[in-house]
Amino acid sequence: MFKIFIVLALLGCALAGTIPKAPIPPADDLDGRIVGGIATTITSFPYQISLQRNGFHSCGGAIYKDTIIVTAAHCLQNVSPASLKVRAGSTYSDFGGSIVKVASFKNHELYSKQTSANDIAVIKLASPLPLSSTIQPISLATTSPANGAPGVISGWGVTSFGSNNVSSQLRYTDISILSRSTCSSSAYGYGSFIRSGMICGFAAGKDACQGDSGGPLASDGILVGVVSWGNECALARYPGVYTDVATYNSWVVKTANSL
Ligand code: ARG
């Protein structure tokens with residue numbers, strides 16, 4: 001029953017994250033987890049949380065304040081706060097750390113299921129997270145990262161596109177950030193699907209994937225992106241697409257204060 005729930009959640013995301021497409025060759029040999037990643041511990045990513053839906057990992061998120069989480073709006077469609085909890089301070093998505101209830105959340109008013117535009121949301125927790133070496137906030141970017149800036153993504157998502165294998169242990173990978181204009185250029189396959197408020201991350205064979213959504217893209221210790229969508233995962237001409245946190249900085253601050 002809950003397995004089915006997860007599959008549906010991941011499928012929903014897979015559908016939301018798939019663009020209408022020309023024939024695309026199958027991904028070669030994707031052996032990674034967060035595709036192409038390395039196992040890590042929460043101490044290295046203390047701002048990372050697991051958003052749990054009915055007791056199971058559904059999406060990632062980032063700690064902005066002890067009572068505020070930043071995640072993706074597509075993670076919070078057709079869900080009530082009562083079915084959500086946040087697991088913080090654990091290397092594992094299915095045990096350990098601190099579990100706190102969600103009091104309320106707000107999706108961006110202009111989030112679009114069709115285009116994935118404005119894919120950002122703020123969650124208010126029912127009680128503050130106990131900040132420690134494994135539970136720490138991360139600051140929000142105020143300017144969009146430069147094309148080619150280094151980025152790091154982390155999460156408990158699937159090991160390769162289409163697999164059901166969510167990772168119990170946190171994994172990460174380094175990628176290079178692509179500006180919106182580079183990502184929509186003919187060097188890649190998305191063109192005008194890359195809208196204002198989106199940036200990309202790319203490295204051969206490395207990417208976020210289903211179950212990593214809502215999670216952090218950090219650069220120099222700052223939250224610059226939120227995992228949003230991609231055409232499958234780690235395909236050569238299709239970078240991972242992230243919500244550009246700098247674009248939404250004031251929306252997040254204002255919304256956090258309003259919840
Ligand atoms: N929409 C997916 C999720 O809910 C994340 C997709 C990210 N895909 C990618 N190729 N970077 O988990």
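All ligand and atom numbering here is 1-based and tracks the order in the structure. Throughout, residue positions are numbered sequentially from 1 according to the sequence presented.
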May I ask you to check if ligand 1 and [X] share an N or O to N or O distance below 3.5 Å?
X	result
Cys233	no
His74	yes
Gly240	no
Asp207	yes

Note to self: Heavy atoms only: which of Cys59, Pro239, Ala234, Ser213 lies closest to atom 5 (C) of ligand 1?
What the structure shows: Ser213

Side chain or backbone of [X] under 4.0 Å from ligand 1, or both, or neither, by non-hydrogen atoms?
X	answer
Asp212	backbone
Cys209	backbone
Tyr238	neither
Ser228	backbone
Glu232	backbone

Next item on the list: Could you tell me how the ring of Tyr47 sits relative to the ring of Phe45: parallel (under 30°), tilted (30 to 60°) or perpendicular (over 60°)?
Entry: perpendicular

Notebook entry, point to check: Closer than 4.0 angstrom: is that true for some heavy atom of Gly157 and an atom of ligand 1?
Noted result: no

Next item on the list: Have a look at Phe105 and tell me which of Val79, Leu125, Val122 forms a side chain to side chain contact (heavy atoms under 4.5 Å, CB included) with it.
Entry: Val79

Next item on the list: Report the residue from Ile138, Leu223, Val253 that forms a side chain to side chain contact (heavy atoms under 4.5 Å, CB included) with Tyr64.
Entry: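 The option that passes is Val253.
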
Checklist line | Asn147: partners by side chain to side chain donor-acceptor pair (under 3.5 Å), with sequence neighbours left out | finding: Thr182

Checklist line | In one Ile/Leu/Val/Met/Phe/Trp/Tyr side-chain cluster, 4.5 Å: Ile99, Ile68 | finding: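 Ile99 and Ile68: separate clusters.
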
